[in-house]
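Numbered from 1 within each chain, the chains take letters A, B, ... in sequence-line order.
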Protein chains: 2
Amino acid sequence: MPRRSSGRVTLQHIAERVGVTKITVSRALREPHLVSATLQLRIESAIDELGYIPNHSAGALASGRSHSVALLIPSLSNSVFSEIQRGIEEGLSEAGYQVLIGHTGYSILEEERLIDTYLRYGVEALILPGSRHTGHACRLLRQARIPVVETLELTETPLDINVGLDQHQAGKAMTQTFLDQGYRRVGFLGARMDHRAQLRMAGWETAMQQAGLSTERCLTTPHPSSYRLGGEMLASMLDRWPDLEGIFCGNDDLAAGALFECQRRRMNVPDQLALAGFNGLDITEATSPPLATVVTPRRLIGDTIARRLLARLQGAPLQPASEDLGFRIRRGGSL
Amino acid sequence: MPRRSSGRVTLQHIAERVGVTKITVSRALREPHLVSATLQLRIESAIDELGYIPNHSAGALASGRSHSVALLIPSLSNSVFSEIQRGIEEGLSEAGYQVLIGHTGYSILEEERLIDTYLRYGVEALILPGSRHTGHACRLLRQARIPVVETLELTETPLDINVGLDQHQAGKAMTQTFLDQGYRRVGFLGARMDHRAQLRMAGWETAMQQAGLSTERCLTTPHPSSYRLGGEMLASMLDRWPDLEGIFCGNDDLAAGALFECQRRRMNVPDQLALAGFNGLDITEATSPPLATVVTPRRLIGDTIARRLLARLQGAPLQPASEDLGFRIRRGGSL
DNA sequence: GTGAAAGCGCTAACAG
DNA sequence: CTGTTAGCGCTTTCAC
């Protein structure tokens with residue numbers, strides 16, 4: 001009589017039922033070609049009858065492999081990441097990896113906590129949003145000796161794989177589009193102000209300064225962005241700088257919210273005020289007028305991550321390098 | 001010399017460094033009050049120095065407890081679930097549970113696959129969207145003998161905990177609001193047409209039929225909903241039924257997309273066409289006019305799930321029962 | 001093609 | 001407060 005037992009059906013139960021040892025059952029599940037066809041069938045039906053569910057922990061412990069990868073994203077409610085995630089998941093699940101999702105809430109402290117958690121789970125790789133991490137997180141990543149992907153933004157000093165786009169350059173390019181269209185008093189609206197939002201804003205500043213224009217018309221908040229916030233912030237900006245000709249919003253949510261506020265005020269977009277967002281979400285094509293935006297190659301980013309990560313997992317050597325997947329400016333009708 | 005070894009730092013390494021046995025180190029981590037203060041400190045610093053990361057699989061295997069719970073949601077890009085998820089996660093993480101997220105893509109087959117996956121991971125509870133599952137999924141759930149939560153919709157035959165709202169009733173109530181305002185030719189627009197979308201549509205049908213009105217003005221598609229789709233479907237409906245007075249959209253995305261299309265056509269909302277959505281997402285308060293919608297208590301659902309699930313995890317008996325958390329109609333300005 | 005033995009890293013149970 | 005022993009369910013290794 002065992003002293004401890006979970007009561008769950010184990011390999012051993014299947015083995016006894018079939019009249020073999022558990023290693024044969026194990027093989028039947030993992031390397032069917034090494035087991036005779038008759039046995040294979042009898043084992044399958046025993047598994048079915050008894051309702052056997054493999055114990056992942058036991059397998060991972062014995063083999064030292066978890067067949068899982070952690071994907072950290074800043075926020076579950078931001079659809080920017082869902083396409084990236086789709087590409088990653090399709091690529092990795094095909095290769096037998098389970099993708100464990102965590103969300104950092106845009107906090108590198110929370111990211112650190114999640115890295116720790118998932119390293120305990122024995123993930124075989126980590127995919128992180130952004131390139132800024134806490135010191136302890138970096139130490140954990142180094143010690144873990146597993147492939148790491150940093151994504152969304154590019155960094156000069158990648159830990160391993162780095163796939164994304166130049167957020168600063170993109171911010172600058174969109175601002176330049178305003179300038180090319182003849183707009184001069186162009187403001188910037190930013191929310192959350194995570195690292196990428198800061199880079200986009202810096203791109204705006206650079207473009208404005210290079211054109212010899214003022215960068216005073218700028219409003220930011222640490223609060224999460226939302227449609228409502230876009231409207232409120234637009235109102236504040238117009239109060240303060242009634243001479244505004246255009247606003248570059250750090251993301252599409254803010255831009256859409258700003259557009260709605262313009263509609264309420266019966267302000268014509270783009271004649272009275274030009275607007276632009278960032279990311280190229282579905283909503284930018286649906287509004288009236290469609291919103292100008294920086295279209296980011298999210299699906300491509302996801303696919304690329306999957307491809308490069310699989311290569312690393314299959315033994316490709318560590319060669320830290322950045323891959324710039326670019327962006328595209330879409331003028332919509334709001335600019 | 002061990003024959004196999006992962007090379008990772010283990011409890012044993014810490015124990016040797018400190019000069020105790022590994023069980024003491026294990027206790028220092030899990031039940032610090034059972035270990036002397038001096039040892040506690042020395043163990044902590046050894047853990048820090050060597051960079052020890054506990055092996056979750058080993059712990060789970062030995063203790064039979066995974067301290068994790070699976071949360072399945074239909075889609076990562078639908079912000080409807082993010083608030084529910086937040087409530088669940090806050091409540092459970094406080095109690096020491098890790099929440100593993102999976103997304104079913106609105107498919108009960110994929111749900112079945114995920115249930116199987118997470119049962120292998122040894123999750124201590126499962127939170128599922130909806131109350132419809134495959135036969136095999138039900139069998140798996142029964143055999144697992146762990147708490148199960150079915151959410152979003154209510155069911156007569158809950159497997160265990162069921163927290164949500166009456167989607168049919170909500171659809172009916174919103175339709176009744178149209179009728180109360182004097183609208184008669186009220187259509188329905190639905191996308192994806194998962195079970196909840198079907199229930200909402202059935203609510204619309206019931207209300208219309210009870211009022212002796214036609215239910216012909218109805219357009220649905222299996223495609224995922226989006227703003228753009230809302231606009232396109234509105235256009236189709238107006239082509240086919242130019243006499244439409246109002247449209248109840250199965251969700252807020254469609255309603256917003258429909259509103260944008262009205263703006264493009266310079267149709268006044270609600271004078272020429274009344275609109276309503278479902279869920280009460282942020283966007284419904286931001287548009288001009290704000291959209292009528294059925295406000296669902298998502299945060300409350302999440303909190304309630306966490307509370308009731310924790311009770312079950314701490315030993316409360318299985319008492320299958322539904323909890324109806326209701327809904328609220330908000331007229332916005334589009335109805 | 002199948003089996004026996006050992007061990008992955010940790011915790012339960014009992015002892016002192 | 002700390003240690004000893006056994007074992008969780010599986011896979012590796014080596015043997016037949």
Asks: Atom CG of L29(B) to atom P of dT11(C): distance rounded to whole Å?
Replies: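 Atom CG in L29(B) sits about 8 Å away from atom P in dT11(C).
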Asks: So, is S36(A) near the phosphate of dG1(C), with a side-chain N or O under 4.0 Å from OP1 or OP2?
Replies: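 Looking at the OP1 and OP2 atoms of dG1(C), neither is under 4.0 Å from any side-chain N or O of S36(A).
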Asks: In whole angstroms, how far is the P atom of dG9(C) from the CG atom of L50(B)?
Replies: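 After rounding, the gap between these two atoms is 15 Å.
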Asks: Whole angstrom is fine here: how far is it from CD in Q12(B) over to C1' in dC10(C)?
Replies: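 Going from CD in Q12(B) over to C1' in dC10(C) covers 11 Å.
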Asks: Tell me whether the side-chain N/O atoms of T21(B) come closer than 4.0 Å to OP1 or OP2 in dG3(D).
Replies: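 T21(B) to dG3(D) OP1/OP2: side-chain N or O found under 4.0 Å.
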Asks: Between dC10(C), dT2(C), dG9(D), which nucleotide gets closest to the side-chain atoms of L39(A)?
Replies: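 Of the options given, the side chain of L39(A) lies nearest dT2(C).
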Asks: Please check the phosphate of dA12(C) (OP1 and OP2 only) for any side-chain N or O of R30(B) closer than 4.0 Å.
Replies: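 For R30(B), the contact criterion (side-chain N or O under 4.0 Å from OP1 or OP2 of dA12(C)) is met.
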Asks: Output the single nucleotide from dT11(C), dG3(C), dC8(D) whose closest atom is nearest the side chain of L11(B).
Replies: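 The closest nucleotide is dT11(C).
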Asks: Answer yes or no: is there an ion pair linking D116(B) with R120(B), defined by an N-O contact shorter than 4.0 Å?
Replies: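 Salt bridge: yes.
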Asks: To the nearest Å, how far apart are Y52(B) OH and dC10(C) C1'?
Replies: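 Distance, rounded to whole Å: 7 Å.
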Asks: Taking OP1 and OP2 of dC8(C), is either one under 4.0 Å from a side-chain nitrogen or oxygen of T10(B)?
Replies: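 Looking at the OP1 and OP2 atoms of dC8(C), neither is under 4.0 Å from any side-chain N or O of T10(B).
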Asks: How long is the line joining NZ of K22(A) and C1' of dC8(C), in whole Å?
Replies: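 Nearest whole value for this atom pair: 13 Å.
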Asks: Closest-nucleotide mapping onto DNA chain C: is S57(B) or I23(B) further toward the 5' terminus? I mean the 5' end.
Replies: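 Checking each residue's closest nucleotide, the 5'-ward one belongs to S57(B).
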Asks: E31(A) has an atom CD; how far is it from atom C1' of dT11(D), in whole Å?
Replies: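 After rounding, the reported distance stands at 10 Å.
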Asks: Do D194(B) and R196(B) meet the salt-bridge criterion of a basic N to acidic O distance under 4.0 Å?
Replies: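 Yes, this pair counts.
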Asks: Just to be sure I understand the rule, does G64(B) reach a base, reach only the sugar-phosphate, or reach nothing, if contact means heavy atoms closer than 4.0 Å?
Replies: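 The residue G64(B) makes no contact with any strand.
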Asks: State, with a plain yes or no, whether a side-chain heavy atom of V149(B) is found less than 4.5 Å away from one of L71(B).
Replies: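 No; the side chains remain at least 4.5 Å from each other.
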Asks: Taking NZ, NE, NH1 and NH2 as the nitrogens, is one of them in E90(A) or R299(A) under 4.0 Å from a carboxylate oxygen of the other?
Replies: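 Salt bridge between E90(A) and R299(A), a charged N being under 4.0 Å from a carboxylate O: yes.
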Asks: So which nucleotide from dT11(D), dA12(C), dC10(C) ends up closest to the side chain of S63(B)?
Replies: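 So the side chain of S63(B) is nearest to dA12(C).
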Asks: Is R86(A) salt-bridged to E83(A), going by a charged N under 4.0 Å from an acidic O?
Replies: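 Salt bridge absent between R86(A) and E83(A).
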Asks: Choose from dT11(C), dT12(D), dG3(D) the nucleotide whose nearest atom is closest to any side-chain atom of R27(B).
Replies: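 Closest nucleotide to the R27(B) side chain: dG3(D).
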Asks: May I have the distance from L34(A) (atom CG) to dT11(D) (atom P), rounded to whole angstrom?
Replies: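 Rounded to whole Å, this separation is 13 Å.
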Asks: In this structure, how many angstroms lie between the P atom of dG7(C) and the CG atom of L61(B), rounded?
Replies: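 After rounding, the gap between these two atoms is 17 Å.
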Asks: Identify which nucleotide among dT11(D), dT11(C), dC14(C) has an atom closest to any side-chain atom of A62(A), counting heavy atoms from C-beta outward.
Replies: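 Closest nucleotide among those given: dT11(D).
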